[in-house]
Amino acid sequence: MDPMSDLANNEKLLRILEGAPAADTARGQQHADEHEEEAEDATRQEAKLDLSALRRKLKEKSGKEYWRTLEELADNPHFDALLHREFPRHASEWDDAVDRRGFLKLMGASLALAGLAGCGRPDEAHIAPYVKQPDQVIPGRPNFYATAMPFSGDAIGVIVESHEGRPTKIEGNPDHPSSLGASNAFVQASILNLYDPDRAQTVMYTGEIRSWSAFLDAAQSLATSVKATSGEGFRILTGSVSSPTLNSQIKKLLAAYPAAKWHHWEPATGDGPTEGAKLAFGRVVNTVYVPGKANVILSLDSDFLASGPGQIAYAKQFARRRKLDGPNGTLNRLYVVEPVPSVTGSSADHRLPLRASEIELFSRALGGKLGLGSDAALAGHAAKWLDTVVADLEKERGASLVVAGEYQPAAVHALAHAINLKLGNVGTTLYYTEPVEALPTGNAESLRELCADISHGKVDLLIILGGNPVYDAPHDFDFAAKLLKVPNSIRLSPYYDETSRYSKWHISESHYLEGWSDARGHDGTASIIQPLISPLYYTHSAHDVIAAFSDKPGMPAYDAVRNYWTEASAHLESSLDAGWRKWLNDGVIPGTKFAPITPELKFNAASLPAQAPAKPDQIEYVFRPDPTVHDGRYANNGWLQELPKPLTKLTWDNAALVSPKLAQTKNLAHIVQARGGEHGQILSALVDIELNGSKVTAASWTLPGVAENTVVLPLGYGRTHAGYTGTNKGFNAYVVRTSDALWTASNGKMTPNGETYPLACTQYHFNMEGRQILVTGTLEEYKKNPAFAHESGEAPPKSDSLYKEFAYPGYAWGMAIDLNKCNGCSACVVACQAENNIPVVGKDQVMRGREMHWIRIDRYYTGTDADSSREGKTGDPSEYSPTLDNPETFFQPVPCMQCENAPCEQVCPVDATVHSAEGLNDMVYNRCIGTRYCSNNCPYKVRRFNFLRFQDWETPQLKLLRNPEVTVRSRGVMEKCTYCVQRINNVRIDAEKQNRPIRDNEIVTACESACPSEAIVFGNANDPTSKVAKLKADERNYSILAEINARPRTTYLAAVRNPNPGGEKA
Amino acid sequence: MSVTQPPIDSPEIRRLEPVLAPGHTYLSVTDKIAAVVLTRPLGIGWLAGFGLTFSLVMLLFLSLAWLITKGVGIWGINIPIGWGFAIVNFVWWIGIGHAGTLISAILYLLNQKWRTSINRFAEAMTLFAVACAGIFPLIHTGRPWMAYYMFPYPSTMGIWPQFRSPLIWDVFAVSTYGTVSLLFWYVGLLPDLATLRDRAKDRAQQLAYGVLSLGWRNSAHHWHRYQSAYLLLAGLATPLVLSVHTVVSFDFSVAIVPGWHTTIFPPYFVAGAIYSGFAMVLTLAIPLRKAYGLEDFITMRHLENMAKVMLATGLIVAYGYFIEFFMAYYSGNKFDVFLANQRLHGPYSHFYYALILCNILTPQLLWFEKVRRNVAALFIMSLVINTGMWLERFVIVVISLTRDYMPSAWGRYSATFWDYSTFVGTLGLFVMLMFLFVRGLPAIAISEMRELVAHQSHGKGEHQ
Amino acid sequence: MAQIFDRSANFLARFSLLGVAALAGLGLTAVLVVARSPYITNQRVTRNQPIQFSHKHHVGDDGIDCRYCHTGVENSAYAGIPPTKTCMNCHSVLFNNIGYLEPIRESYRTEQSIRWVKVHRLADYVYFNHSIHVNKGIGCSSCHGPVNEMALIYQASPLNMEWCLECHRNPEQNLRPKDQIYNMNWKAPAEQEEVGRKLATEYQLRSKLELTSCSTCHR
Amino acid sequence: MEHRPHSYGVMAEFDTPEEIMAAAKKTREAGYKHVTAYTPFPIEGLAEEIGFKWTAVPLITLLGGIGGGLTGFGMQYWMMAVSYPLNIGGRPLNSWPAFIPVTFELTILGAATFAVLGMIALNKLPEPYHPVFNVDRFSHASTDKFFLCIQAKDPKYNLAETARFLQGLNAKHVDEVKDE
């Protein structure tokens, strides 16, 4: 259905917010309603006011009036903002900002306020009901709307939970082929971008606020002027456009201005696929994989499980083939060749670390073995490894799959296409379609042309839609200087960022939850993007900007989308008017999925030009998007900044990743700091990296599994104008990136500069000290001994207990996590953070070991010989051991274990954590006095403590974000995973009202629903037919450290890998 | 009672000098001790000492204010190390608080004459130590203003404290211990307050001591009930003293943290407590007797006896350390073994070795009479042992938490400025209270000293 | 030696000792009593509303059903405060020009909400759900009191945890037949004991253990 | 002292414990009933000499102890198992072993408090005013002198007689204890 009906304008929306009653956002704090008013103002206020003026104002006041005035002023979002500039937002950072000298001042303030609060009764709270209540809104019950999140050339269908008009949580859309109901960290975190207080809020011209109409006028005059030259000097620069409407809008515009050009630049999207397709088929095609059908998969440096279009769908299909029912079950087999350890590589059965440049050699060799005529020499180990792969691939003709990584050159892709055809995989494990991408030419080339034109003074009107070229364009383009040359530059962006500062016009871009649009998924399926909330600020969409230059300036995006689909729906089974509501409701437009095509191969592997032989001792620098902030677009997203990166477990920083061996030769040691320690702060050596005639200083990080002589430079950090959260974090790898070496560079120099840098690492220690924590085995071992998971430790029999067991006659909530499926992607961590109002604490606090994630993902390397119980050994990757070159990597999500014999409960002095009748380990925040005894006594260390006031209770936008079903925890209380008790209760209440038992899968925890690989299953363990009960009955099912006899309700299914029996290990 | 007992008559006892220097009369002891309170003017030393400690107390208040404003996050604690200095200090102070009541109660029951001249300020010390200790359990909580949840009162929430938690046991143990020690101390003071009342010259003192002494008039009937009450108190305090540190040790031994979960804890905590308690008594007694010329009352014999007690308890503590390792290796529990190794080789091993040096090696010097009878040496040693006992608690609390079950969650701990300032602040508070005490109340039990005089001057002659 | 104190001091001393003890005891009890008193629970406090809406008139005299305005009560956590539209349904024709109701009309014209003052403020951290209570046989008046007699609405029950538990421990005492839920004048019958027990089984109430689990109300 | 005689009694002063013991003996033999002794420190047997039999302090203490203990365990049992039974880490509602420490502490607390309060009450303290303080030399009672006082309410009492009798016990001083 269409939420716009009740969200006509801000005023109404925000009244709804006020309407959200007692349970709403800021529980546990008095002035709820005032703050909600702030939110209202925040959306309207425009005037710029300066701090000095305010100071003057304040001087005139005195005494009680003074404080009152402050409160009034605090209602003004700009004053709020200014304050925040002075005292940064997050509690922790705020901590840093306030030095001890400021202490007395503070004391004074707090005392005065305490005085105010002390006298009299708490202020009256208000309820502001609707004036006309929209039919589908029942205050207190969330509504769910389907839409889609566009993400660099792809779109992920999502379902958004909305509380009285506030979107609060995003889930995957089961009906959408690119989501299949799951999501990833970016999708989960995108909701925070919507409420980011640092978003640009207005139209600006050279730094001055302008009105939208002013822009429209300017646009029209510009349009007419370029019209004269039929668009000569008119350029449009976009990222990859997956919106058919926008695509056609631009095309129409170009038709109107024949001489105008459309360029595009995606810093983190490889040209491999397009160029490869051109090389192989002479045309651009879109490749859709069907990993679910493949028994053997070979990834040539492709992280298809966690990046690139279709990642979620692929992860889901792949995981389903990792489902192991009983000893007779079968598993697919994954071979990965890659220079950089990736999520995909970590779940491989065989992983071969090869330098980026050697991947092509490997592919050629592979092609040769499969009789494609190409050839290349491989080193001993790699050669043996290759033989195993070839054997396996040939065995599984038609059911195998070779995936080339998008950062690999065209040749690798062409070879991959050829091989897949040769193996007869096309049509089964993969198929080709028309490209989803609107402008499928090389990124760098496209941008190079533009720059060339600019420097030749050919460009006088440039529209930049999204992206951030000033920050992320190859440094040899020197885009900033170029942009200044352009007389009229117009920039659409959600932030007033690096590029906006160099543009004449800045248009603030709406969040995808704020406006109408559409987008195509990885297989072409189109969805209508419908707004969940009317824009919080004066923001606009790309559609609006393009329209501004068309003959219909000011045409709403809604019309643009409707217009496009009225035409486009001609060939669909249902016309727009017939289908519209259904499209919106389902989140997909039926019949828009691209039909498979069969391009014919115009590629002869033998004719490939000989590749320059690899120089093994030359260091290679590999550029990759960062796992959490991607190409930098999420730099200002606190959730993603604080999300530990899957393999390094670093937060708030990127680092130059080096292999243990290289670290040893360069002697880049890590020093574990006493403050925080292994679970917090590591000092790492700073290195100067000189590359392509430019230089950057980066913190180094030793990462087991990085290919020899390879240095990985993650992109997306070192932003200078990202906003409060993202500015000046990490180092900017773009500085040493040039257009001719976008992904792999050599001839660089890396020299330690003798200094060190503190990195916030949430898990440094990587081995299990021989404890029964993460149990793994191979398929053979499993078939031989299905109960292998239980050898390392068993819980003592219940009969040993002197106490009589508590009975759980009703529901017994439990969780089973299949370690065979978990690939460490960390979507669950962010999902949990979004669902449960978990605060961001900032780098300093993470370095003190105080991050608040309710679910963490532990990363272990098996087969390593570092054993810290031996003298001197610290299990420290910076202590080189050969086993660290290519260790087997496993991930283990660790939420609260909800132990039946909970050690935490027994030691709590005030009954703040007790067991519910359904076996939940309840945490009662308002009873907690914060002794932290429970955390000390928790063997799994899953409890989190509010050491300071971590929650941001001032920023109005963040209040809108909060999930009203979950308490916002105050300072000094313990918290932890609750199995999403709010979801349990809501479902139970509905079931009880109908006097029926809760059905299996009716309750889905946040982590479970986000998980792309279906690794997490929650349910009623008492019901033998439930999914969770079946899993717990599996012989692989074990509980961590069973011998402690805490009897966790969260249990794990041992990981079983499927290495080739005849094959090379690793 | 004590007076009836003939002195144990054996060569070595005779070799020892008496617990009271010869030549004292009822009047002289009374005068000498009462004078400190009533007539002696405030010395520059006292003023300086008081000033210094007072400023430390101000530092304490500052630290607490900042703590309340910001939260326990200003300390070095984190996950997994949820307890840091606060709990270390708590256990340390409580330990120190054990000597006083122990001396007064157990030595009284064992009828040790030498207790008389030290029990009074030892008891005072106990009270002040318990006061310092009491601060920490309160402020270490995340929400101190909610700490009253720990008391069993009929709340409108209809919910009660959780009596399986050792922290609740602490609440009762410590408060009981505080109360009983106070009563014990006050009862002991009654006759002396009366003495001060009667000897006070100016009205203010008369009123003050008059009120405090409740009109005590040394009647034989009073004495009779007094003595039976005092004896009963001693009898009650003895098991109490032992129970308190046992309960404190439960905070750890009841938990399942490797390095905490040990059955040896209760006895060896108690021994440790007495150990540090006596060390602290020495630390205080030696300067005190010097400053106020009380060498006649606190004689070499006292110091030597206390040294012997320290040696004995020190050995028990050493045994405790040994048993921890023995249990770890003998049981073969992989977590305990690992932790044992951590203590020896882990990142905090230097603390452990320092602890061994302070608590086990240094005290061995006490085997030598020369050392035992050397005031300076004893003083230094008492300081060393106090340090050692603090380290012991640090090792137990912190090291165990840094390396528990999940390697992925291992961490480390380092104290912040506020950790230190709070600790130093309580030290200041403790000493400041001591300063006030010696000037406000008789630091030595006068009436008991008179008994000693009687006992000495008339030998056995006095009773038949 | 002269007497320091006068004879009267003896009485004074003893009296003051006992007095202090007595005061301490009294003080403590006082605190506990006050904590349960209307002063703290805000019981029976009427608030100054933008429009002095009379439940007595609308419910008592006109006999309007609760659900006519509080539409959410049966399927949402919140009973819901009626939108201005609901008022206007009648008041666009009834009393449609008396000044007393101007705020409603204004709100309707200007699309600005009426800012009612909250009367029932549950403690923080408590997640009360109206729908489950009315669906399991708890009537409005069990908690809200005789709303039909309240000229100005006020909070009838203490709304503290003790009070909640009292019913969660034995709900039988308050269970009503489904058709009596919205009856303001319902009085517990003499044989409420077994009626309640019967209804409890009919409504499939959860066990006391479940009803008094912390997460039943706290999250 | 309900009835207030003009004089409280006669008080004799001695130098040593031995002397006062002897004197007390003689006084009792002389048939005096209402006699009190004042000594700077407890002297074994003196109280008995002047006819003090039995003290209730131990009994009171015992009662206090028993009371404290019962309260302790009762309270815990009631709160944990009756008032609000909760499943705490799978431990039984009545985890009696865990209830022992508090029970013990409260036992001690009860006993100790009763012992002290009992002693004070039985000694009729606080009593800041007392006739004996009227005697000038009485301040020595808390220092170095030993006093024996025969009270006026004694049937055998007669100011002159008694004073002379005390003189006879070679007291250092004999004073009348005035009580106006």
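Chain identifiers are assigned alphabetically (A, B, ...) following the order of the sequence lines, protein sequences preceding nucleic acid strands; residue numbering begins at 1 within each chain.
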Practice task
State whether the side chain of B:Trp160 and the backbone N or O of D:Gln76 hold a donor-acceptor pair below 3.5 Å, judged by distance alone.
Solution key: no
Exercise for the section: Could you tell me which of B:Ala237, B:Ser243, B:Gly210, B:Ala194 has the largest number of non-hydrogen atom pairs under 4.5 Å with chain D? Expected result: B:Ser243
Practice task
Would you mind telling me which of D:Thr143, D:Leu125, D:Thr55 has the largest number of heavy-atom pairs within less than 4.5 Å of chain B?
Solution key: D:Thr143
Fill in the blank from the handout: Taken to the nearest 0.5 Å, the spacing of B:Leu240 CG from D:Leu109 CG works out to 9.0 Å
Practice task
Please say whether more than 12 non-hydrogen atoms of neighbouring residues, nucleotides or ligands are located less than 6.0 Å from NZ in D:Lys172.
Solution key: yes
Problem - Residue, of D:Thr39, D:Thr36, D:Leu106, D:Thr107, that accumulates the most heavy atom pairs under 4.5 Å with chain B - result: D:Thr39
Problem - Most contacts with chain D, counted as non-hydrogen pairs under 4.5 angstrom, among B:Ile168, B:Val171, B:Thr30 - result: B:Thr30
Problem - Per-residue contact mode, D:Phe114 against chain B (heavy atom under 4.5 angstrom) - result: neither
Handout entry: B:Phe163 and D:Phe99 aromatic ring geometry - parallel, tilted or perpendicular at 30°/60° bounds
Key = perpendicular
Problem - D:Phe73 atom CZ, over 12 foreign heavy atoms within 6.0 Å - result: yes
Problem - Under 4.5 Å from a heavy atom of chain B, the part of D:Glu49 involved - result: neither
Problem - Check: B:Arg217 side chain, D:Pro128 main-chain N or O, donor-acceptor pair, under 3.5 Å - result: no
Exercise for the section: Go through the atoms of D:Trp54 and report whether side chain, backbone, both or neither lie under 4.5 Å from a heavy atom of chain B. Expected result: neither
Problem - B:Leu27 portion near chain D, given a 4.5 angstrom heavy-atom threshold - result: both
Exercise for the section: Look at atom NE2 of D:His34 and say whether more than 12 heavy atoms of other residues, nucleotides or ligands are closer to it than 6.0 Å. Expected result: yes
Exercise for the section: Name the region of B:Ile159, side chain, backbone, both or neither, that has any atom closer than 4.5 Å to a heavy atom of chain D. Expected result: both
Problem - Under 4.5 Å from a heavy atom of chain D, the part of B:Ile446 involved - result: neither
Problem - Backbone N/O of D:Asn123 and side chain of B:His222: donor-acceptor pair under 3.5 Å - result: yes
Handout entry: B:Pro239 versus D:Ile108, closest heavy-atom pair with distance
Key = CG-CD1, 4.2 Å
Exercise for the section: Take atom CZ of B:Phe151 as the centre, draw a 6.0 Å sphere, and report whether it contains more than 12 heavy atoms from other residues, nucleotides or ligands. Expected result: no
Practice task
Among the options D:Cys149, D:Ala24, D:Ala47, pick out the one with the most heavy-atom pairs lying under 4.5 Å from chain B.
Solution key: D:Ala47
Practice task
Can you tell which part of B:Thr179 gets under 4.5 Å to a heavy atom of chain D, answering side chain, backbone, both or neither?
Solution key: side chain
Exercise for the section: Pick one of side chain, backbone, both or neither for B:Pro152, based on which atoms fall under 4.5 Å of a heavy atom in chain D. Expected result: both
Practice task
Would you tell me whether B:Asp198 and D:Ser139 have side-chain atoms, one donor and one acceptor, within less than 3.5 Å of each other?
Solution key: no
Exercise for the section: Using non-hydrogen atoms and a 4.5 Å limit, figure out which bit of D:Ile120 sits close to chain B: side chain, backbone, both or neither. Expected result: side chain
Problem - B:Thr176, part contacting chain D, at a heavy-atom distance under 4.5 Å - result: both
Practice task
Measure B:Glu448 against the heavy atoms of chain D and call it side chain, backbone, both or neither at under 4.5 Å.
Solution key: neither
Problem - chain B contacts, top residue of D:Ala115, D:Gly89, D:Ala37 (heavy-atom pairs, under 4.5 Å) - result: D:Ala37
Problem - Pairwise distance OG(B:Ser228) to CG(D:Leu122) - rounded to 0.5 angstrom - result: 8.5 Å
Practice task
Look only at the side chain of B:Arg225 and the backbone of D:Ala121, and say whether a donor-acceptor pair between them is shorter than 3.5 Å.
Solution key: no
Problem - Residue pair D:Phe41, B:Tyr26: steps toward the ring pair (Phe, Tyr, Trp, His ring centres under 6.0 Å) verdict - result: CA-CA 10 Å; D:Phe41 54 86; B:Tyr26 302 131; 5.4 Å; yes
Completion exercise
One should read off an interatomic distance between D:Glu44 CD and B:Gln227 CD, to the nearest 0.5 angstrom, of 7.0 Å
Practice task
Below 4.5 Å from any heavy atom of chain D, which atoms of B:Pro166 appear? Answer side chain, backbone, both or neither.
Solution key: neither
Exercise for the section: Please look at D:Pro101 and chain B and tell me whether the side chain, the backbone, both or neither of the residue comes under 4.5 angstrom of a heavy atom of that chain. Expected result: side chain
Handout entry: Best-contacting candidate, D:Gly65, D:Gly45, D:Ala111, D:Ala56, against chain B by heavy atom pairs under 4.5 angstrom
Key = D:Ala111
Completion exercise
The interface call for D:Thr61 against chain B, heavy-atom contacts under 4.5 Å, is side chain
